[in-house]
Amino acid sequence: MTTFDDLLEEAGTFGRCQRRIFALFCLLSLPFAGVYVGIVFQGFTPDHWCRDSAVVGWRQACGWSLADSRRLMLPLVNSSGVVQQSSCEQYEVDWNSTALTCDTQELDLSGVPVSGCKDGWEYQYEGRKSFVTEFDLVCSDGWWVDMYQSTLNLGFFIGSFAFGFFADRFGRKLSFLMSNILNVISGFVLAVAPNYISILVFRTLFGFGVKGGWMTCYVQLTEIVGVEYRRTVGILFQMFFSVGVLILPLLAYFISDWRWLQVAITAPYVLFLSYYWFIPESPRWLISQNNSSKALEIIEAMAKENKMKLTRKFETLTDEEGDSPSASLLDLVRTPNMRKHTFILMFNWFTSAVVYQGLIMRVGIAGGNVYIDFFISGLVEFPAAFFILLTIERIGRRLPFASANIIAGASCIITAFIPDSMFWFKTVVACIGRLGITMAFEMVVFVNTELYPTFVRNLGVSVCSTLCDIGGIVSPFLLYRLAVIWLELPLIIFGVVAFIAGGLVLLLPETRGAPLPETIDDIEFPNRKKETPLENQQMKKLLKSDLTSNKETSV
């Protein structure tokens with residue numbers, strides 16, 4: 001009986017064909033970065049204050065400076081321990097009164113009542129436009145900004161399940177085409193949506209399609225390369241997301257309107273529509289659908305492109321990695337070790353998403369140059385992939401995984417207490433935290449696959465990774481709402497949960513050099529020696545010879 005992996009060895013486990021497909025799929029990770037963290041620029045909240053048309057008139061007539069008019073309009077408030085002019089309140093002064101003069105020094109504002117902004121807001125944003133400035137999503141309406149990111153993650157959450165089903169039912173190739181059609185339509189409509197509610201609706205649909213397409217791509221990529229290349233290919237595929245993170249601030253700097261930036265982020269998905277004619281269907285999926293003849297055609301084409309030749313004769317073609325139909329959610333929690341693995345991995349998926357997104361979005365409210373700060377923090381993601389590749393086969397999985405979380409947690413807490421006057425030191429420590437959580441995020445993906453037996457492996461990864469999207473829904477509310485209380489408070493929360501995640505990882509078994517588990521018994525009794533077929537046959541011969549010798553002795 002011939003398996004797909006047997007033929008893949010002859011066709012080439014990572015030849016020219018796989019490298020071409022890998023290069024094309026890596027391009028998909030570039031705009032995904034813009035979708036995932038584009039809120040930093042599209043939803044940037046600049047310095048703002050109450051607008052009063054009468055004050056604008058006085059400013060022009062009297063030649064007041066902007067600082068003078070703001071001093072006369074805005075009361076002082078204590079924000080995160082810093083006394084500054086209010087962004088959401090103004091003095092109740094009748095600026096149309098004839099008693100007022102251009103001499104601003106004569107106006108006594110002590111005891112004057114204050115009220116909320118009545119005539120909108122003014123923004124100091126150098127001619128740029130975010131959806132915050134377009135729809136005045138500040139002060140009491142600031143939580144609508146959180147919804148922009150949360151609805152994206154809601155789309156991710158639904159898309160993970162829906163496209164998992166579509167890809168298994170209709171194939172990887174058709175599912176990828178469907179996702180890109182949806183991305184193009186929802187992405188461009190999002191760029192022209194007339195009101196904020198419709199923006200949130202299409203943002204959800206955009207997340208639905210983008211996450212589904214990205215996951216389908218990732219699965220197909222791992223299905224067409226040899227087992228020994230899967231981990232490296234998966235990590236490098238994720239690393240191209242970091243390349244997209246570096247490109248994003250450059251795009252945002254030159255594209256000042258958030259709607260045109262949305263167009264730029266969506267445009268590559270038009271190109272990805274053409275992949276339908278350049279990317280083959282997954283032969284492994286075709287075999288699972290009992291379509292071995294079509295699978296063989298694709299394998300032969302791959303072999304030809306790889307300049308290899310198939311020599312193996314076969315009568316039946318099977319896939320040894322197919323999931324058992326008996327897999328169920330209860331299998332993930334029924335036994336002690338499986339239950340422990342499931343809960344720890346769920347918490348780590350949740351933590352990785354909360355801390356990673358939180359640290360990225362924090363760049364937009366930290367007060368520095370958002371473009372430079374975002375670019376610098378993006379650079380530190382690149383060493384993450386190399387550290388993983390250098391350590392996982394030498395040290396193992398558990399210690400680097402736990403250390404990455406603990407380093408991220410410690411960096412977040414230390415950063416919170418470094419004064420703003422030590423700007424560069426604070427930036428360096430924050431970047432170390434970003435490096436740590438990036439490593440943790442990339443490691444949880446493949447560690448998850450190594451801790452479940454074959455028949456529930458895909459189910460286990462799917463269920464645990466849903467906590468990533470739930471973390472993404474929660475993250476903006478944690479960041480933006482807690483930052484109103486104290487700017488550094490979110491960092492304390494991120495640090496605590498990352499510490500807990502790192503400590504829990506130490507409770508997981510080391511999987512370096514261990515064979516992938518096949519059954520739940522392999523998880524529950526990891527030290528039980530498994531007999532190979534050869535050992536089993538030798539044992540039977542030994543028992544038979546012992547019985548024969550005992551009979552001869554008794555005679």
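The model shown is predicted, which means the values in this text are computed figures rather than measured ones.
- M338 places a side-chain heavy atom less than 4.5 Å from the side chain of E524.
- Summarising the geometry of C464 relative to Y452, their closest heavy-atom pair is SG-OH, 3.5 Å, with the distance given to 0.1 Å.
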| field | Verdict with supporting geometry, F163 and F166, side chain to side chain contact (heavy atoms under 4.5 Å, CB included) | value | CA-CA 5 Å; F163 275 90; F166 293 156; 4.0 Å; yes
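- Side chain of S150 to main chain of I473: a donor-acceptor pair is present (N/O by atom type, distance under 3.5 Å, no hydrogens or angles).
- A distance of 11.0 Å separates CZ of R169 from CG of L174, quoted to the nearest 0.5 Å.
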| request: Output, in order, the C-alpha distance, side-chain angles, deciding distance and verdict of side chain to side chain contact (heavy atoms under 4.5 Å, CB included) for F441 and C468. | output: CA-CA 10 Å; F441 213 159; C468 170; 3.6 Å; yes
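- With hydrogens and angles left out, the side-chain atoms of Y229 and Q18 include no donor and acceptor closer than 3.5 Å.
- Residues V37 and M361 form no side-chain contact, since every pair of their non-hydrogen atoms from C-beta on lies 4.5 Å or further apart.
- The distance from the NE2 atom of H341 to the CD atom of E450 is 12.0 Å, given to the nearest 0.5 Å.
- Under the 4.5 Å side-chain criterion, counting only non-hydrogen atoms from C-beta, V35 is in contact with Y269.
- Under a 3.5 Å cut-off, the side chain of N405 and the backbone N or O of F499 do not form any donor-acceptor pair.
- Taking every heavy atom of both residues into account, P31 and F272 meet most closely at CG-CE1, 3.7 Å.
- When all heavy atoms of L246 and G378 are compared, the pair lying nearest together is CD2-C, 3.6 Å.
- In this structure, Q220 contributes its side chain and P280 its backbone to a donor-acceptor pair below 3.5 Å.
- Here K294 pairs with L286, N291, E297, I298 under the side chain to side chain contact (heavy atoms under 4.5 Å, CB included) rule; sequence neighbours left out.
- Within a 6.0 Å sphere centred on CZ of R16, heavy atoms belonging to other residues, nucleotides or ligands number 12 at most.
- Between the SG atom of C217 and the CD1 atom of I279 there is a distance of 8.0 Å, given to the nearest 0.5 Å.
- The shortest distance between side-chain heavy atoms of E10 and M308 does not fall below 4.5 Å.
- Taking 4.5 Å as the limit, every side-chain heavy atom of I21 sits out of range of all side-chain heavy atoms of F278.
- With 3.5 Å as the limit, one finds a donor-acceptor pair spanning the side chains of T266 and Q262.
- Applying the salt bridge (Lys or Arg N to Asp or Glu O under 4.0 Å) test to pairs two or more places apart or on separate chains, those with a residue in residues 209-228 are R172-E223, K211-D469.
- Judged by distance alone, with hydrogens and angles left aside, the side-chain atoms of E510 form a donor-acceptor pair with the main-chain N or O of R398 at under 3.5 Å.
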| query | Passes side chain to side chain contact (heavy atoms under 4.5 Å, CB included), I376 versus C431? Steps please. | reply | CA-CA 8 Å; I376 292 173; C431 285; 4.1 Å; yes
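- In this structure, OG1 in T204 is found 7.5 Å from CD1 in I158, a value given to the nearest 0.5 Å.
- The minimum heavy-atom distance linking F374 with V245 is given by the pair CE2-O, 3.2 Å.
- In this structure, the separation between CG on L332 and CG on L345 is 10.5 Å, given to the nearest 0.5 Å.
- When all heavy atoms are compared, the tightest approach of T351 to V497 is CG2-O, 3.7 Å.
- Put simply, the side chain of I407 reaches to within 4.5 Å of the side chain of I432, judged on heavy atoms.
- Heavy-atom contacts from other residues, nucleotides or ligands closer than 6.0 Å to CZ of F386 number 12 or fewer.
- Side-chain rings of F32 and F156 approach one another, their centers coming within less than 6.0 Å.
- Ring-centre distance between F25 and F22: not below the 6.0 Å cut-off.
- In terms of modelled atom types and a separation under 3.5 Å, the side chain of R434 and the main chain of L359 share no donor-acceptor contact.
- Side chain of R203 to main chain of S198: no donor-acceptor pair is present (N/O by atom type, distance under 3.5 Å, no hydrogens or angles).
- Put simply, the side chain of Y148 never gets that close to the backbone of I39: no donor and acceptor are under 3.5 Å apart.
- If you run ring-ring contact (aromatic ring centres under 6.0 Å, His included) between W214 and each of F237, F208, F176, Y36, only F237 comes through.
- Judged by distance alone, the side chains of E381 and S242 do bring a donor and an acceptor atom under 3.5 Å apart.
- Inspection of the Y356 and S475 side chains reveals no N or O donor paired with an N or O acceptor under 3.5 Å.
- Between P283 and M302, the closest heavy-atom pair is CG-SD, 4.3 Å.
- The closest side-chain heavy-atom distance from F240 to L28 is not below 4.5 Å.
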| message | Could you walk me through whether L310 and L296 satisfy the side chain to side chain contact (heavy atoms under 4.5 Å, CB included) test, starting with their C-alpha distance in whole Å, then the side-chain angles of each, then the deciding distance to 0.1 Å, before giving a yes or no? | response | CA-CA 10 Å; L310 297 180; L296 182 61; 4.2 Å; yes
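- For the atom pair CG of L30 and CG of L248, the computed distance is 11.0 Å after rounding to the nearest 0.5 Å.
- For the pair N180 (side chain) and L273 (backbone), a donor-acceptor distance under 3.5 Å is absent.
- Looking at E393 and R231, a side-chain N of the basic residue comes within less than 4.0 Å of a carboxylate O on the acidic one, giving a salt bridge.
- Side chain of D522 to main chain of T519: a donor-acceptor pair is present (N/O by atom type, distance under 3.5 Å, no hydrogens or angles).
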| request: Under the ring pair (Phe, Tyr, Trp, His ring centres under 6.0 Å) rule, what do F157 and F161 come out as? Steps first, then yes or no, please. | output: CA-CA 7 Å; F157 180 78; F161 283 103; 5.5 Å; yes
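- Side chain of T222 to main chain of V219: a donor-acceptor pair is present (N/O by atom type, distance under 3.5 Å, no hydrogens or angles).
- Side-chain contact check for T511 versus V447: every heavy-atom pair is 4.5 Å or farther apart.
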